[in-house]
Visitor: 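Could you have a look at this structure, given as structure tokens, before my questions?
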Amino acid sequence: MNQHVIEHPPLDYEAARQRMVDAQIRPAQVNDPRVIAAMRRVPRELAAPESLREFAYADQSLPLPDGRALTEPRVIARMLQTAAPREGERVLVVAAGTGYLVALTCTMQEGLRIDAVESDTTLAAIGQSLCRTFAPDVSWHIGPLSAGLAGDAPYDLILIDGAVRAMPQAIVAQCAPDGRIVAPVWPEGGVASVCIVTPTKDGSATSTIFDANVPLLPELAPAPAFSFEAYA
């Protein structure tokens, strides 16, 4: 008996990327032309694990190693629109991962000075590869996410690509007095939302912008509180 192998044509990533923008990004109240143009240009499939590239333009986060995730495109687009980077600003991307947010930020606005911090060398290698083409001037740094990049602070804009329970104070301290931090915040028992955090003389102020189902960054999750009941 002859067995016929059905060969599927390779996925047209370019066409899938344009469909993503038209079906997911534009209907999500994203109207900044810089964000739209960047999302049309930067290949999200190159920021995804090879085994998941066919799902790169689905409206969902994609799992990365060690509990990390490639944040869904709609959330990233609205974060960038909220951040509204301006020419000449110093930008820090914390949990830069596989580089998608970094490459989009660099592509949407010329004249930024961007530092990317990532603790996972495997993810950073993917991100650096993507950025060689789409964000060659970005400086990558390997180190703990909670530490940010104090030596090069202050920053006009800090982006965190993943949810935190509360904003790490070390990162707030690296924000310029008139700067802003844009990140998903998911308080214990609450709802995850993308927020703008701004420094104040007493610490920081948080404004909620929109709800977003963004996975927590394991490295920035607080340690479980000790309880005698656990040993009762």
Side-chain angles (χ1 to χ4, degrees), residues 11-49 52-62 64 68-118 123-124 126-140 155-162 179-184 194-196 209-210 212 214:
L11 181 61
D12 186 341
Y13 288 114
E14 172 66 26
R17 186 157 59 253
Q18 306 314 315
R19 286 195 299 271
M20 174 196 73
V21 173
D22 293 331
Q24 300 174 34
I25 306 305
R26 295 178 62 122
Q29 305 173 32
V30 177
N31 49 32
D32 186 329
R34 301 175 302 162
V35 177
I36 296 294
M39 300 290 287
R40 290 197 186 281
R41 180 166 184 254
V42 177
R44 189 171 186 255
E45 71 273 13
L46 297 186
L52 295 176
R53 284 184 176 176
E54 64 182 297
F55 305 107
Y57 296 104
D59 189 11
Q60 64 186 57
S61 297
L62 297 180
L64 297 173
R68 297 286 295 278
L70 178 59
T71 306
E72 69 175 282
R74 177 185 61 84
V75 173
I76 288 294
R78 293 191 68 185
M79 281 182 62
L80 283 173
Q81 180 166 271
T82 299
R86 299 181 288 271
E87 184 176 1
E89 288 192 316
R90 300 201 63 215
V91 181
L92 174 64
V93 181
V94 177
T98 56
Y100 187 55
L101 177 57
V102 178
L104 287 170
T105 305
C106 186
T107 300
M108 75 173 282
Q109 177 60 63
E110 295 182 351
L112 299 175
R113 292 173 292 171
I114 304 178
D115 288 305
V117 173
E118 178 50 55
L123 299 183
I126 297 172
Q128 288 169 308
S129 178
L130 175 64
C131 286
R132 272 193 286 272
T133 300
F134 294 93
D137 295 329
V138 170
S139 297
W140 280 79
Y155 291 93
D156 304 296
L157 170 62
I158 299 176
L159 299 165
I160 302 180
D161 193 0
R180 69 270 186 217
I181 303 169
V182 178
V194 169
C195 299
I196 296 180
I209 307 303
F210 64 93
V214 179

Visitor: Suppose we screen for side-chain hydrogen bond (donor to acceptor under 3.5 Å, both in side chains). Which residues come up paired with Thr71, at least two apart in sequence or across chains?
Guide: Asp161
Visitor: If you take all heavy atoms of Val102 and Cys131, which pair is closest and at what distance?
Guide: CG1-SG, 3.8 Å
Visitor: I need the full list of salt bridge (charged side-chain N to carboxylate O under 4.0 Å, His left out) pairs touching residues 90-113, with sequence neighbours left out, sorted by first then second residue.
Guide: Arg90-Asp115
Visitor: Using the salt bridge (Lys or Arg N to Asp or Glu O under 4.0 Å) criterion, which residues pair with Asp156? Sequence neighbours excluded.
Guide: none
Visitor: Leu92 versus Leu157: any side-chain heavy-atom pair under 4.5 Å?
Guide: no
Visitor: Does NZ or CZ of Arg78 lie under 6.0 Å from the centre of the six-membered ring of Phe210, at an angle within 45° of the ring axis?
Guide: yes
Visitor: Are Leu62 and Phe55 close enough, and set up right, to give a side chain to side chain contact (heavy atoms under 4.5 Å, CB included), and what steps lead you there?
Guide: CA-CA 8 Å; Leu62 297 180; Phe55 305 107; 4.0 Å; yes
Visitor: Who are the salt bridge (Lys or Arg N to Asp or Glu O under 4.0 Å) partners of Arg68, not counting sequence neighbours?
Guide: Glu118
Visitor: Return the minimal non-hydrogen interatomic distance between Tyr57 and Tyr13, and the atom names on each side.
Guide: CE1-O, 3.8 Å
Visitor: Test Thr98 against Leu130 for side chain to side chain contact (heavy atoms under 4.5 Å, CB included), laying out the working first.
Guide: CA-CA 8 Å; Thr98 56; Leu130 175 64; over 6 Å; no
Visitor: Can you tell if the side chain of Asp137 reaches within under 4.5 Å of the side chain of Ile114, non-hydrogen atoms only?
Guide: no
Visitor: Could you check whether any side-chain heavy atom of Ile158 comes within less than 4.5 Å of a side-chain heavy atom of Val94, counting everything from C-beta outward?
Guide: yes
Visitor: Any side chain to side chain donor-acceptor pair (under 3.5 Å) involving residues 25-37? Give me the pairs, sequence neighbours left out, ordered by first then second residue.
Guide: Asp32-Arg34, Arg34-Gln109
Visitor: How many angstroms lie between CD1 in Ile25 and CZ in Arg19, if you round to the nearest 0.5 Å?
Guide: 14.0 Å
Visitor: Who are the side chain to side chain contact (heavy atoms under 4.5 Å, CB included) partners of Glu72, not counting sequence neighbours?
Guide: Asp59, Ser61, Arg74, Val75
Visitor: Between Ile76 and Leu101, what is the shortest heavy-atom contact and its length?
Guide: CG2-CD1, 4.0 Å
Visitor: With rounding to the nearest 0.5 Å, note down the distance linking SG in Cys195 to CD1 in Ile160.
Guide: 10.5 Å
Visitor: For Glu45, enumerate each residue passing the salt bridge (Lys or Arg N to Asp or Glu O under 4.0 Å) test, keeping only those at least two apart in sequence or located in another chain.
Guide: Arg17
Visitor: What heavy-atom pair brings Leu159 and Leu80 nearest, and what distance separates the two atoms?
Guide: CD1-CD2, 4.3 Å
Visitor: Would you list the atom pairs, donor with acceptor, under 3.5 Å between side chains in residues 35-43 and any protein atom, with sequence neighbours excluded?
Guide:
from	atom 1	to	atom 2	distance (Å)
Arg40	NH1	Gln18	OE1	2.9
Arg40	NH2	Asp22	OD1	2.7

Visitor: Enter the distance from Thr105:OG1 to Tyr100:OH here, rounded to the nearest 0.5 Å.
Guide: 10.5 Å
Visitor: Apply salt bridge (Lys or Arg N to Asp or Glu O under 4.0 Å) to Arg86 and list each qualifying residue two or more places apart in sequence or on a separate chain.
Guide: Glu89
Visitor: Test of understanding: with side chain to side chain contact (heavy atoms under 4.5 Å, CB included), list the residues that count as partners of Ile209, not counting sequence neighbours.
Guide: Thr82, Ile196
Visitor: Measure across Pro73 and Ala58 and return the closest heavy-atom pair with its distance rounded to 0.1 Å.
Guide: CD-O, 3.8 Å
Visitor: Indicate the atoms forming the closest heavy-atom contact of Val30 with Ala77, along with that distance.
Guide: CG2-CB, 4.0 Å
